Every structure is written in C-alpha cells, then in structure tokens.
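Below: the structure, in structure tokens.
The shown structure was predicted, so the numbers you read here are calculated from the model rather than taken from an experiment. All chains are named by letter (A, B, ...) in the order of the sequence lines, taking the proteins before the strands, and each is independently numbered beginning at 1.
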Amino acid sequence: MMTINPENPTEKPVGYVVGGSLKDSLSVRLTVPPQEVKEGSFVVIESGDWRFYGTVTDLQLGSTNPRFADEQSETRLPPQVAALLHGQTLFTNLQVLPALMQEVGPDPASPEYDAWRAQHADDSGLQPQPVKTVPAHHALVRGARAEDVANIFGEPSERNFVIGFTREQNLPIPVDLEKFVQRSSGIFGATGTGKSFLTRLLLCGLIQYNKASALVFDMHNEYAYDDIASDTREVIPGLKSKFAARVRVVGLGNEASIRGQSPDFSLTLAESDILPEDIEMLTRELNLRETTPATLEALWHSFGRSWFSEFKKMRNGAMTEDPDTGKKVPAADSVAFWANQAGVNVMAAEGLHQKLTRVFNKPYILPNPPQDSLAEIINLLANGKHVILSFGDHETDLDYLLVTNLITRRIRDEWEKRTNAYRSHPQKNPEPRPLVVVIEEAHKLLNREMAAQTAFATIAREMRKYYVTLLIVDQRPSQIYDEVMSQLGTRVSAWLGDEADIAAVLSGLAGRDALRGMLARLQPKEEALLLGWGVSMPILVRSRRYDNRLFEEIRGGQPQARGAEDAIRELFGE
Amino acid sequence: MTTTSPLQIGRLLRSTTSGCVIGCRASELNLPVFGGMVRIPLADGTQIYGLIHNIQIDDDGLIRQLITSDNVPPDVLLDNRNNRNVPVEIGVIFIGYAENGSISHLLPPRPPLSLDEIFTCTAQEVISFTGSGRFGYLRHILRAEDLPQAELLAAHIRQAGMFHRAQGDPGWVQSITRELVTLLRDDYDRLMSVLSAVGDVNLP
C-alpha cells in the first residue's frame with residue numbers, strides 16, 4: 001500500500017519491485033510511460049514498515065518472450081488487442097540503486113500504529129540509514145516528493161546550501177556544508193561543463209555560511225572579480241564583488257593587476273622561503289636530473305636557509321686566471337668553485353644552476369620582501385577571511401606549482417602547530433578555524449609522481465584532523481593519484497567522457513558500476529552528479545544558476561526553481 | 001436462440017466431471033450454438049454451467065442410402081429431420097456451477113445424470129456467471145488442449161461481450177482479453193492464435 005500524498009492525492013506509483021539484489025541494483029517494472037521517469041530520478045520504494053530511497057540508474061526494454069519484441073504484432077492485431085498484449089508482454093524495467101532505508105512504521109491511521117509508536121517512543125533509530133537489505137517483491141515505487149527530498153537532504157538553509165534541483169520535480173537539493181568541509185572534496189567535469197560555476201557556487205555557499213575559511217588558488221583569475229561567460233556573454237559576478245568584506249584578493253608579484261583591478265595586496269616570496277624540496281617538486285617541470293637532490297643537499301648544507309640567494313648569486317662558468325700558474329681556474333664566486341669546495345659534481349651543479357634560472361628570474365621572489373605576505377595570508381585565513389590568490393600574469397605551470405606548494409606547506413605547518421596547541425591547552429588556545437584549500441588543475445599537483453612530494457597529498461590523506469581540507473577542481477581525475485582520490489569525501493561531477501576519468505571519480509564508492517553510465521550521459525552543461533560524504537545519497541541535479549539572483553536568494557530569499565524563462569534562455573540563448 | 005427465458009435444448013447422453021455430451025433432435029438444432037453457454041440443473045438445486053465446444057451429427061443406414069439416391073424428396077427430408085433416431089450430439093465443457101445462488105468457477109462436485117435436461121443460459125445468467133470472480137473458468141478451457149480453444153474463446157467472448165455491453169459494461173471484453181494475455185503470455189503461439197481469433201470478434 002502506498003502512502004497517500006496529501007499534496008497530490010492522484011499521485012500514482014511508477015512501478016513495483018520485481019527483482020534485484022543489494023549488491024547490484026533493484027529491478028522495478030515500470031507501470032507508467034517511460035518518458036515519465038528518467039535516469040537519475042530520485043525514487044522511493046515503500047515496503048511494509050520500511051521506506052527505501054534510491055536513484056534510477058538505467059532503463060531497460062524487456063519482453064516476456066523475445067518473439068513479442070521481434071514481431072510487430074500491432075500490424076496483425078486490432079489496435080485495442082495489440083495494446084493489451086503490449087501492456088503485458090513488452091515492458092520497461094528500471095534499475096534502481098538503493099542508497100538509504102528508513103523505518104517509517106505502519107500507516108498513522110491504522111490500529112497498529114499506536115503499538116509501533118510505543119515501541120519507538122523517540123525517533124532514534126528512525127533516521128535514514130545506509131541500505132542493508134532489500135525491499136519485498138512487488139513493493140510499490142513512486143517518485144520522490146518534496147517531503148522525501150527534505151527528509152533525506154535536509155531543508156535548505158545556510159548550512160544546507162542548495163546546489164541544484166532534481167531533474168523532474170525541480171526540488172532543491174542541498175549540500176551539507178558542515179560535512180562538506182570536514183573531508184577533502186572534488187569537483188570534476190570535462191572542460192566547458194560548468195566546473196568553474198559549480199566551484200563558484202560552492203564557494204559562495206561556504207563564504208555565506210562562514211564556518212570555514214577558503215583559500216582559492218585562482219590560476220586563471222576567474223573567481224575574484226566579475227567575468228563574462230564565454231558562451232552566454234552574461235556577466236558572472238565575482239566573489240570579491242559580492243562579498244567585499246569577507247574576501248581578500250591577493251595578486252602574485254608586485255604591481256599585479258587582476259582584470260584591470262588592483263588586488264588588496266600583493267604576494268611576494270622571500271628567497272629564504274624556498275626550500276630544496278620546493279625545487280625537487282619541480283623535477284618534471286624543469287627537467288632536472290637525478291643528481292639534483294644531492295646538489296641541493298650540499299647547497300643546504302653549505303648555506304642553510306639562504307641557499308637560494310647564495311646559489312642565485314653564483315656565476316655560472318665564471319673563470320679567473322690563477323696569479324701563480326697563469327691557468328684559467330673557476331672564479332671564487334662561480335658555481336664550479338663552490339662545487340669543488342663542497343665536493344659536488346661540477347657539471348651537475350652548473351646544470352642545476354642553469355635550469356634554476358627560470359626560478360631565479362621570477363619577479364615575485366625577492367631577496368628581502370617589504371612584508372611577510374605569506375604570514376599575512378595565514379593571518380587572514382585564521383581570522384575568518386577568505387583569500388583568493390590570483391596568479392595575474394604568472395600563469396605558467398611553474399608559477400602554479402611553486403607558489404601553491406610553498407603556501408600550502410606553510411599553511412600545513414601553521415595549522416598543525418595551532419591544532420596541537422589547541423589540543424594541549426584547549427582553555428588557552430582557540431580552536432583553529434577550518435580551512436578549505438581550493439586547487440584548480442589539481443592533477444598537476446596531485447599526479448602519481450608529484451603526490452608524494454607536495455603538501456597536498458598529505459592534506460588529502462591526514463589533514464582532516466588538523467582542520468585543513470582540499471577542494472580539488474579538475475578535468476582529468478584519472479590523472480590524480482588514486483590514493484588521494486579515494487580519500488575524497490564529497491564529489492561533484494559534471495559530464496565526463498573518458499572511461500578512466502569516470503572510474504576515478506567513482507573510485508571507492510558503493511554502486512559505482514550503476515553510476516558509471518549516469519556520469520557518461522549527463523547533459524554536457526549544467527547537470528551534475530553529487531556523491532559521497534556531503535550528500536546522503538548519490539543524486540543527479542540540474543545545477544543552480546550562478547547569477548545575481550543567487551545572491552539575492554542567499555541573502556534572504558528562498559531558492560527558486562528554474563522557470564520556463566531559464567529553460568528558453570538555455571535552449572536558445574538570449 | 002432466445003436469451004430472456006431458458007430453453008431446453010436436449011437431454012444428457014453421457015458425462016464426466018469435466019464435461020458431458022448432450023443429445024438433441026435435429027429439429028431443435030437451431031437453439032444451441034458453438035461457444036454458447038448452457039445450464040444443467042441437478043436434482044439438489046445445483047446448477048452446472050458449461051460451454052458448447054462441439055456439435056456432431058452422425059449418420060445412420062437410412063441416410064447413407066438417401067445420400068446415394070438421385071433425388072431426396074422434401075417430405076423424406078422433413079421426416080428425416082423430425083423423426084431420425086440418431087440424435088445430434090453436443091459436446092459441453094463444464095466451466096463452473098452455482099450452489100445456493102453462489103457462483104463458483106471450479107468444476108462441479110458431481111456430474112449430471114443421464115437424461116438430465118439441458119437449457120440455454122439467459123443473458124442475465126451469462127452476465128452473472130462471467131462477471132463473477134476473476135475469469136477463473138478460463139482455466140478449464142485452456143487446459144483442454146484437444147478443443148479448438150481460440151475459436152471457442154472467440155465465440156464465447158462474442159456472445160458474453162454482447163450481453164455485457166447491452167448491460168452497460170463495455171469493458172468486459174477488454175478485461176477478459178487482458179486475463180488471457182496474462183495466462184498465455186509464456187506461450188507465444190497459443191496466445192497469438194487466441195488473440196487473432198479474439199481480434200476477429202466484431203460485436204454487432
């Protein structure tokens with residue numbers, strides 16, 4: 001018996017359970033035209049005192065006997081007889097991936113309800129829980145109602161930030177931001193599928209909720225100031241423009257200019273900030289040899305923290321004439337001179353010096369920067385501000401790798417220190433503010449070779465307990481080290497075409513086989529699959545529009561479902 | 001065939017638990033029809049219901065002689081129709097019974113006895129019997145594989161469908177067709193043969 005929907009008494013079930021298993025998915029015989037149910041639909045199965053919640057992952061045409069499907073019986077039989085035949089011998093089965101189950105008890109109007117309620121006086125044990133069994137045969141299946149969505153995903157609020165709407169009923173689907181920031185998460189999607197919009201949307205929610213700070217490594221200068229969408233030519237509001245008081249924009253290098261605007265302050269790095277390990281991490285980018293670690297070790301041994309400045313000052317290939325012998329020998333300030341003294345291979349040292357020229361010449365690395373802008377960033381983040389680091393004109397991979405790793409290493413040290421202090425003396429020291437580090441093009445930092453060397457892999461793996469998590473934004477999740485991928489809590493994925501990328505996004509999740517097809521068949525724009533920790537169950541959403549109306553809504557109003565005008569605009573443009 | 005009042009069409013020749021053979025005179029042969037529903041009242045008040053699935057006219061010595069003659073005079077023909085001593089045999093398959101006014105689609109508890117009278121069913125009887133339950137009587141027809149099932153079902157649907165429609169229930173034909181599909185959907189050949197016969201039913 002299906003419960004009656006008070007808002008829509010004429011609601012009909014969409015089908016009934018005919019088979020399946022917990023491991024794979026449930027088969028549901030569709031009793032309405034297939035057009036009424038689509039892949040990704042959120043459905044509810046009512047089985048006795050229990051309710052199961054699941055997602056439609058596939059629709060299959062079937063027949064009781066292949067001959068009914070093979071032969072066009074409508075040409076042999078009168079239409080009404082053919083219709084009766086098709087109704088029973090040809091059918092559509094839904095594959096439903098069950099995710100949650102909840103004990104709801106008998107119908108409140110039934111006599112058994114009071115006895116059941118007495119056994120469950122409080123609501124503990126009546127919350128939705130991961131599915132552990134299957135519904136009975138012939139249990140009725142219906143589309144989710146607004147009350148189901150609210151029950152499973154929560155009522156929209158600042159904490160439950162609406163990221164999109166269900167495909168059919170346009171019901172708001174929120175992400176629990178409290179949980180979202182507790183573990184590292186990822187936003188994935190092929191290029192042009194709306195990754196940046198999803199990131200902006202989530203950042204917007206995080207900044208508004210304001211329980212965690214965000215540090216955004218904005219490689220392409222997209223997030224801070226207003227931008228123009230490449231396809232619709234609409235103005236995309238920047239986070240700085242909308243949250244001027246809470247967001248600080250930092251430009252890389254003096255005289256940085258971001259889209260013609262001056263940042264709040266500039267980030268310059270002191271030469272003494274650079275450690276040998278920062279250079280080792282650039283092995284692939286700078287094409288360094290395997291002798292590099294030994295040379296760097298010797299430099300560190302000779303000069304300590306000032307190794308970078310000292311090495312930079314050395315002249316490569318400088319020779320002088322020995323006053324005694326008259327022979328050409330390495331000058332005292334040459335690389336070779338130091339190498340000979342330090343017992344390092346001269347060729348290796350000279351080779352490294354030459355390759356580091358690209359780093360030596362970076363204008364944002366100064367011998368004595370006027371201020372410790374790294375400390376300033378950390379200070380802002382610890383005090384509840386959100387920082388967008390725009391790379392300005394320094395958009396090369398070298399800049400990105402070097403700067404992000406350096407900052408993240410400092411942040412990791414700082415947050416570890418603060419957490420340990422807090423844990424030792426909770427009365428004296430404040431609890432560190434949770435921090436989300438947003439990294440674009442994450443595969444450049446978290447690929448198999450780099451993951452072990454950068455601070456990011458450590459954060460992804462174990463910084464949860466030190467209040468720092470990552471928000472990875474990437475188009476090639478398969479390139480990210482699988483140890484990092486498997487640690488991601490919440491995953492938001494727009495369309496992905498590559499099999500390996502799809503497999504990577506779903507790695508470590510239950511029901512990944514069933515979800516695989518859904519990811520491959522998402523609309524190429526403005527649709528996303530939400531998975532993992534921050535959402536109660538996998539769900540497909542039409543993403544919320546990131547525009548001025550969004551800001552009006554989050555500052556007071558309720559999220560509005562997408563209307564007909566939006567649909568027309570999406571289809572035909574302005 | 002009249003449908004407002006029951007008409008006697010013959011008497012029982014022989015019977016089993018699942019069916020019987022009725023004998024009737026050739027002159028009364030305008031009453032029973034293939035697929036028609038009949039009723040056999042028993043002495044204890046039980047009414048057995050059946051469907052006519054076969055009508056058989058046997059020959060005898062006189063007919064054999066007459067067939068070979070050049071010309072059969074009209075009075076001889078009439079005499080043969082009215083006074084022939086070999087009866088027309090009508091095969092009936094039992095499809096249920098009524099006891100104390102309650103209809104059952106099970107086989108009757110005991111078969112009728114020889115020379116019991118057999119009547120055609122009235123429209124009301126047909127509607128009551130076929131409209132009660134969920135077409136359980138189709139079991140008996142579908143089990144009897146030596147019968148021309150498709151044709152028998154089509155004839156039955158035509159007759160009963162007409163009565164139901166006249167009674168204001170045009171959906172009955174659809175319901176019984178749906179039930180047939182359910183019962184036969186694992187047997188493609190038999191279902192298609194039945195449906196194509198049912199498809200040929202044109203209710204007047």
Between [X] and [Y], what is the shortest heavy-atom contact and its length?
X	Y	value
A/L77	B/M192	CD1-CE, 4.1 Å
B/R185	A/T64	O-OG1, 3.6 Å
B/R178	A/L84	NH2-CD2, 3.7 Å

How long is the gap from OG1 on A/T89 to CG on B/L184, to the nearest 0.5 Å?
12.0 Å
How long is the gap from CG on B/L191 to CD on A/Q88, to the nearest 0.5 Å?
9.0 Å
Sort out for me which of B/V173, B/L195, B/D186, B/T177 touches chain A most, counting heavy-atom pairs under 4.5 Å.
B/L195
What pairs with A/F68 under ring-ring contact (aromatic ring centres under 6.0 Å, His included), at least two apart in sequence or on another chain?
B/Y188
Applying a strict 4.5 Å limit to non-hydrogen atoms, the region of A/R67 in contact with chain B is both
[X] [atom1]: over 12 foreign heavy atoms closer than 6.0 Å:
X	atom1	value
B/R25	CZ	no
B/Q56	CD	yes
A/R117	CZ	yes

Under 4.5 Å heavy-atom distance to chain A, tell me which part of B/L180 shows up: side chain, backbone, both or neither.
neither
